[in-house]
> 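Please see the structure below; I have some questions.
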Amino acid sequence: MSTRIAFLKGHGTENDFVIVPDPENALDLPPAAVAALCDRRAGIGGDGLLHVVRSAAHPEAAHLAGEAEWFMDYRNGDGSVAEMCGNGVRVFARYLQRAGHVTEGDLAVATRGGVKTVHIAKDGDVTVGMGRALLPEGDVTVSVGDRSWPARNVNMGNPHAVAFVDDLAHAGDLYSPPPFSPAAAYPSGVNVEFVVDRGPRHVAMRVHERGAGETRSCGTGACAVAVAAARRDGADPATTGSPATYTVDVPGGTLVITERADGEIEMTGPAVIVAEGEIDTDWLESMVR
């Protein structure tokens, strides 16, 4: 461990992260250390950790250094490694801007899910290219209590079941995974979005994220919801030839999702840095012994 470890805290629509700048990849951050930092009672607290490293300095990203200077070494709150986090990329870009590494405009961020295109707007919002959605065939049903709904199967690199409901309260407490069928549709579990209409191309959602329960925001979930809504509304960009843009309200704020005619999806939303400080290295070392 270093004798001094700086950190920041940030969030994107209340999906919050511990940010650890480490340009030369000098820090050892084993899963136990990440979990301790993300602990909401005994640590700093966060849904995940953004380890900020130059691509050239990280063995998993060195091959991407020619495309993107910075690598988002993202970790889940339990310390496990993850490929990507849409809300996390926005906060990552905001940190790079705050630190003076980038300015407003376009940049590329390397992730384990590939290089993501990012745009930092003058108004402060950040747009991330989220790739394309896959729409596996087959009927899916999700249930809460004695209610059941048909759901759209959407894959954004992770699986989603999107159900349109009359009232978001029908989703229940979302502590436990909502049952779904057939089981073969999601052999590794699924993120389930419950969606209501708020107006033309404007929806609101609640989500159960697999392994986490209800969260305040889910970037890939908001993208899945927009894709499902466009298909429901007859606004599939591949058919109409025009982009489809939906405003998606999440418990932690609002995201704007655009699916282009070529299938590429862009997510736009806020990213906020709320604090910075130093980690007590003696404490952190004690957590990983």
> Checking Asp78 side chain against Ser80 main chain: does a donor-acceptor pair fall under 3.5 Å?
yes

> Hey, could you give me the CD/CD1 distance between Glu266 and Ile257, rounded to the nearest 0.5 Å?
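With rounding to 0.5 Å, CD (Glu266) is 10.0 Å from CD1 (Ile257).
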
> What are the two closest heavy atoms between Gly189 and Pro159, and how far apart are they?
O-CG, 3.4 Å

> From Tyr246 OH over to Asp233 CG, what is the distance, rounded to the nearest 0.5 angstrom?
3.5 Å

> Taking all heavy atoms of Val102 and all of Ala93, pick out the closest pair and write down the distance.
CG2-O, 4.3 Å

> Taking Val154 as the starting point, is it possible to reach Met84 by hopping between hydrophobic residues whose side chains are less than 4.5 Å apart?
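Yes, it is one cluster - the side chains of Met84 and Val154 are joined through contacts under 4.5 Å.
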
> Are Leu255 and Leu168 connected in a single hydrophobic cluster, I mean Ile/Leu/Val/Met/Phe/Trp/Tyr linked by side-chain heavy atoms less than 4.5 Å apart?
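Not linked; separate clusters.
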
> If I take atom CG from residue Leu29 and atom CZ from residue Arg75, how far apart are they, to the nearest 0.5 angstrom?
5.5 Å

> Please check this pair: side chain of Lys9 against backbone of Gly45, looking for a donor-acceptor N/O pair closer than 3.5 Å.
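Yes, Lys9 side chain to Gly45 backbone: donor-acceptor pair under 3.5 Å.
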
> Mind listing the closest non-hydrogen atom pair of Glu214 and Asp173 along with its distance?
OE1-O, 3.8 Å

> Does Leu8 form a side-chain contact (heavy atoms from CB on, under 4.5 Å) with Arg98? I'd like the steps, not just the answer.
CA-CA 11 Å; Leu8 299 90; Arg98 179 188 179 103; 3.8 Å; yes

> When you measure from the centre of the six-membered ring of Phe71, is the NZ or CZ of Arg54 closer than 6.0 Å and no more than 45° off the axis?
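No, Arg54 and Phe71 do not form such a contact.
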
> So which heavy atom on Asn191 is nearest to which on Glu209, and how close?
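That closest heavy-atom pairing would be OD1-CA, 3.3 Å.
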
> With rounding to the nearest 0.5 Å, note down the distance linking CZ in Arg260 to OG1 in Thr245.
11.0 Å

> Does the side chain of His51 come within less than 4.5 Å of Asn25's, by heavy atoms?
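They are in contact (side-chain heavy atoms under 4.5 Å apart), so the answer is yes.
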
> So does Asp262 get a backbone contact from the side chain of Arg132, meaning a donor-acceptor N/O pair under 3.5 Å?
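At least one qualifying donor-acceptor pair exists.
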
> Enter the distance from Ile44:CD1 to Phe7:CZ here, rounded to the nearest 0.5 Å.
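So the CD1 of Ile44 and the CZ of Phe7 are separated by 4.0 Å.
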
> Does the pair Glu193/Arg152 count as a salt bridge with the N-to-O cut at 4.0 Å?
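Here Glu193 does not pair with Arg152 in a salt bridge, since their nearest N and O are not under 4.0 Å apart.
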
> Are Met287 and Val20 joined in one hydrophobic group, where the rule is that I, L, V, M, F, W and Y side chains link up if heavy atoms are under 4.5 Å apart?
yes

> Between Pro182 and Asp139, is there a side-chain heavy-atom distance shorter than 4.5 Å?
no

> Between Asp16 and Arg40, does at least one N-O distance fall below 4.0 Å, as a salt bridge requires?
yes

> Go through the steps to decide whether His160 and Cys223 satisfy the test side-chain contact (heavy atoms from CB on, under 4.5 Å), and finish with yes or no.
CA-CA 10 Å; His160 296 268; Cys223 293; over 6 Å; no

> Would you check, one step at a time, whether the test side-chain hydrogen bond (donor to acceptor under 3.5 Å, both in side chains) holds for Asp249 with Thr254?
CA-CA 4 Å; Asp249 295 336; Thr254 296; 3.0 Å; yes

> Quick check: closest heavy atoms across Ser148 and Thr141, and the distance to 0.1 Å?
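Here Ser148 and Thr141 meet closest at CB-CG2, 3.9 Å.
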
> Do Val128 and Met156 share a hydrophobic cluster (ILVMFWY, side-chain heavy atoms under 4.5 Å, transitive)?
yes

> Salt bridge or not between Asp47 and Arg216? Use side-chain N to carboxylate O under 4.0 Å.
no

> Strictly under 6.0 Å, is that where the ring centroids of Phe194 and Trp149 end up?
yes

> Going from CZ on Phe92 to CZ on Phe17, what distance comes out if it is rounded to the nearest 0.5 angstrom?
12.0 Å

> Hey, is the main chain of Ser188 close enough, under 3.5 Å, to the side chain of Arg210 for a donor-acceptor pair?
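Pair found, side chain donor or acceptor close to backbone of Ser188.
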
> For atom CD of Glu104, is the number of surrounding heavy atoms from other residues, nucleotides or ligands below 6.0 Å larger than 12?
yes

> Would Thr258 and Met267 satisfy side-chain contact (heavy atoms from CB on, under 4.5 Å), going step by step from the backbone distance to the final call?
CA-CA 7 Å; Thr258 296; Met267 174 181 63; over 6 Å; no

> Using a 4.5 Å cut-off on heavy atoms from C-beta on, say whether the side chain of Arg206 contacts that of Leu174.
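Heavy-atom side-chain distance check passes, below 4.5 Å.
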
> Test Asn87 against Thr13 for side-chain contact (heavy atoms from CB on, under 4.5 Å), laying out the working first.
CA-CA 8 Å; Asn87 288 323; Thr13 52; 3.7 Å; yes

> Between Leu50 and Val18, is there shared hydrophobic-cluster membership here, with clusters defined by ILVMFWY side-chain heavy atoms closer than 4.5 Å?
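Each belongs to a different hydrophobic cluster.
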
> Look at the side chain of Asn76 and the backbone N and O of Gly79, then say whether any donor-acceptor pair between them is shorter than 3.5 Å.
no

> Please tell me if the side chains of Val53 and Glu24 come closer than 4.5 Å, counting only heavy atoms from C-beta onward.
no

> Please examine the side chains of Phe180 and Val192, heavy atoms only from C-beta on, and report whether any two atoms are closer than 4.5 Å.
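Val192 vs Phe180: side chains apart.
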
> Kindly say whether Gly199 contributes a backbone atom to a donor-acceptor pair with the side chain of Asp197 at under 3.5 angstrom?
no

> Between the main-chain N or O of Gly113 and the side-chain N or O of Thr111, is there a donor-acceptor pair closer than 3.5 Å?
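At least one qualifying donor-acceptor pair exists.
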
> Is there side-chain contact between Ile265 and Val227, with heavy atoms separated by less than 4.5 Å?
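Result yes, sub-4.5 Å side-chain heavy-atom pair found.
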
> Closest heavy-atom contact between Thr240 and Gly234?
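So the two residues come closest at CG2-O, 3.9 Å.
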
> Find out whether Leu107 and His119 are in side-chain contact, i.e. whether some heavy atom of one side chain is under 4.5 Å from a heavy atom of the other.
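Answer no - side chains too far apart.
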
> When you compare the side chain of Leu49 with that of Leu37, does any pair of heavy atoms fall below 4.5 Å?
yes

> Do Asp125 and Thr268 have side-chain N/O donor and acceptor atoms under 3.5 Å apart?
no

> For Glu14, does its backbone N or O pair with a side-chain atom of Ser217 as donor and acceptor, under 3.5 Å?
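Not confirmed, Ser217 side chain does not pair with Glu14 backbone.
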
